[in-house]
Engineer: 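Below are the structure tokens for one structure; questions will follow.
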Amino acid sequence: MGMNETPSGERIHIGFFGRRNAGKSSLVNAITGQTVSIVSAVKGTTTDPVKKAMEILPLGPVMLIDTPGFDDVGVLGKKRIERTEAVLHQTDIAVVVVDATLGMTDLEKKLIELIHKKNIPYLLVYNKADKVISYQKHGDDKAVYVSAVTREGVEEVKQRLIQLKPKEEDYPIVKDIVTVGQFILLVVPIDTAAPKGRLILPQQQTIRELLDAQCTVLVVQDVMLEATLKKLQYKVDMVITDSQVFSLVAQVTPVDIPMTSFSILMARHKGFLETAIRGVEKIRHLQNGDNVLISEGCTHHRQCDDIGTVKLPRWIAEFTGKKLHIHTSSGNEFPSCLDQYDVIIHCGGCMLNSRELQHRMEKATRQGVFITNYGTAIAYMKGILGRSLSVFPELQKLIK
């Protein structure tokens with residue numbers, strides 16, 4: 001998978017924030033060399049966050065996010081400000097754009113305060129430097145003076161962004177738990193919910209990491225697993241399966257072969273797995289009338305056997321024997337108030353960056369709501385969570 005195909009969830013998210021007409025959109029266009037955002041002298045031209053995927057070498061694949069002005073007014077303006085604040089939840093590097101003709105105001109100070117609270121590295125950019133006769137940095141080593149019109153300082157902005165690259169704290173998906181030469185078998189069901197002509201993102205990413213680790217990878221459908229295992233001359237070192245067929249795979253795979261799922265691996269990759277394990281026990285204690293939120297980070301057309309809206313609700317009802325209220329959310333529509341829910345079951349988050357997924361996790365924890373993820377919940381309800389975590393002995397100990 002090349003950088004041009006790097007999924008949005010694996011890109012460094014760089015958000016541009018500031019007042020209306022400070023030149024955020026012009027700066028994004030200057031950095032990309034493209035007309036990503038509409039530019040106008042009219043305040044409030046950018047009404048929704050605009051995203052652009054690109055590469056800034058050697059920073060790598062990034063997602064640039066142009067946001068509405070933080071000083072917007074009126075009822076709609078308030079909603080736009082809320083959307084701008086929401087972008088901060090997924091921002092790895094913030095760029096605060098100041099109109100150099102106006103200088104620093106309380107609005108930019110408020111923005112910087114919010115950024116500090118979220119522990120986001122940031123760059124202060126004074127735009128419209130071509131309209132200022134002289135300027136000083138006022139001792140702020142974070143500040144860069146630029147002109148999006150003449151492109152003065154644009155390259156310096158790129159270089160400063162490179163210096164702010166966050167440390168890679170995320171776990172890999174799988175390559176740190178395998179060794180060179182191992183034989184790994186992947187189980188991929190092909191049903192009506194499977195994307196036609198391709199594999200879903202976690203499957204693609206897992207295959208690539210295994211190849212990078214110099215493993216031998218064999219991919220089979222669930223219906224071919226038993227026959228395949230019988231035909232193999234050598235025992236496989238690990239089985240990784242789609243969570244939806246956990247039960248079948250657990251029955252067919254010998255107990256001495258480590259087994260886990262793409263969803264569990266993705267949750268660990270995003271820094272979510274430990275919280276998911278601690279939260280999954282709540283499912284057993286659900287009572288009649290309790291509320292369950294099933295949340296996905298992406299949006300897609302719902303199929304007749306969709307996992308989030310059909311399969312998971314059915315499995316939860318079968319496991320608990322209770323009449324529950326099932327709620328769903330997808331994409332960016334994650335509720336701000338969560339205290340009405342008794343448990344949240346989130347997808348693996350392959351389309352969300354780690355900061356966004358961890359924000360959702362921390363929000364639930366802060367509001368006293370248990371949260372887990374698809375793979376962990378399915379393995380728990382099928383009675384095989386311990387076995388599914390055998391590849392992570394330190395996490396396996398968390399199971400009650």
Engineer: Check step by step if salt bridge (Lys or Arg N to Asp or Glu O under 4.0 Å) holds for Lys118 and Glu85.
Structural biologist: CA-CA 11 Å; Lys118 295 181 178 297; Glu85 289 181 327; over 6 Å; no
Engineer: Flag the pair Lys109 and Glu113 as a salt bridge only when some basic side-chain nitrogen lies within less than 4.0 angstrom of an acidic carboxylate oxygen.
Structural biologist: no
Engineer: Could you go through the side chain to side chain donor-acceptor pair (under 3.5 Å) check for Asn29 and Ser26 one step at a time?
Structural biologist: CA-CA 5 Å; Asn29 290 345; Ser26 297; 5.6 Å; no
Engineer: Test His327 against Asn291 for side chain to side chain donor-acceptor pair (under 3.5 Å), laying out the working first.
Structural biologist: CA-CA 7 Å; His327 309 259; Asn291 291 282; 2.7 Å; yes
Engineer: Is the His359 ring parallel, tilted or perpendicular to the His89 ring (thresholds 30°, 60°)?
Structural biologist: parallel
Engineer: Regarding Lys175 and Asp212, does a basic nitrogen lie under 4.0 Å from an acidic carboxylate oxygen?
Structural biologist: no
Engineer: What pairs of residues pass the ring pair (Phe, Tyr, Trp, His ring centres under 6.0 Å) test when at least one of them lies in residues 235-267, not counting sequence neighbours?
Structural biologist: none
Engineer: Answer yes or no: is there an ion pair linking Asp176 with Arg268, defined by an N-O contact shorter than 4.0 Å?
Structural biologist: yes
Engineer: Is there a donor in the side chain of Thr105 and an acceptor in the side chain of Glu108, or the other way round, less than 3.5 Å apart?
Structural biologist: yes
Engineer: Please identify which of these residues, Thr101, Asp99, Asn21, meets the side chain to side chain donor-acceptor pair (under 3.5 Å) condition with Lys128.
Structural biologist: Asp99
Engineer: More than 12 heavy atoms of other residues, nucleotides or ligands under 6.0 Å from CZ of Phe370: is that the case?
Structural biologist: no
Engineer: Quick one: name the residues clustered hydrophobically with Tyr341, using the 4.5 Å side-chain heavy-atom rule over I, L, V, M, F, W, Y, and just say none if it's on its own.
Structural biologist: Phe272, Leu293, Phe334, Leu338, Ile344, Leu352, Leu357, Met361, Val369, Ile371
Engineer: Is Glu226 paired with Lys231 through a side-chain N to carboxylate O contact shorter than 4.0 Å?
Structural biologist: no
Engineer: Decide yes or no on side chain to side chain donor-acceptor pair (under 3.5 Å) for Tyr145 and Glu156, but give the supporting numbers first.
Structural biologist: CA-CA 9 Å; Tyr145 278 78; Glu156 184 180 354; over 6 Å; no
Engineer: Is Asp92 salt-bridged to Arg11, going by a charged N under 4.0 Å from an acidic O?
Structural biologist: no
Engineer: With a 4.0 Å cut-off, would you call Asp106 and Lys110 a salt bridge?
Structural biologist: no
Engineer: Counting only heavy atoms from other residues, nucleotides and ligands, does the tally under 6.0 Å from CD of Glu318 exceed 12?
Structural biologist: yes
Engineer: Heavy atoms, side chains only, cut-off 4.5 Å: are Thr253 and Arg387 in contact?
Structural biologist: yes
Engineer: Pair Lys235, Asp256 - check salt bridge (Lys or Arg N to Asp or Glu O under 4.0 Å), show working.
Structural biologist: CA-CA 10 Å; Lys235 187 176 79 171; Asp256 60 336; 3.0 Å; yes
Engineer: Does the side chain of Thr150 pick up a donor-acceptor pair with the side chain of Asp130 at under 3.5 Å?
Structural biologist: no
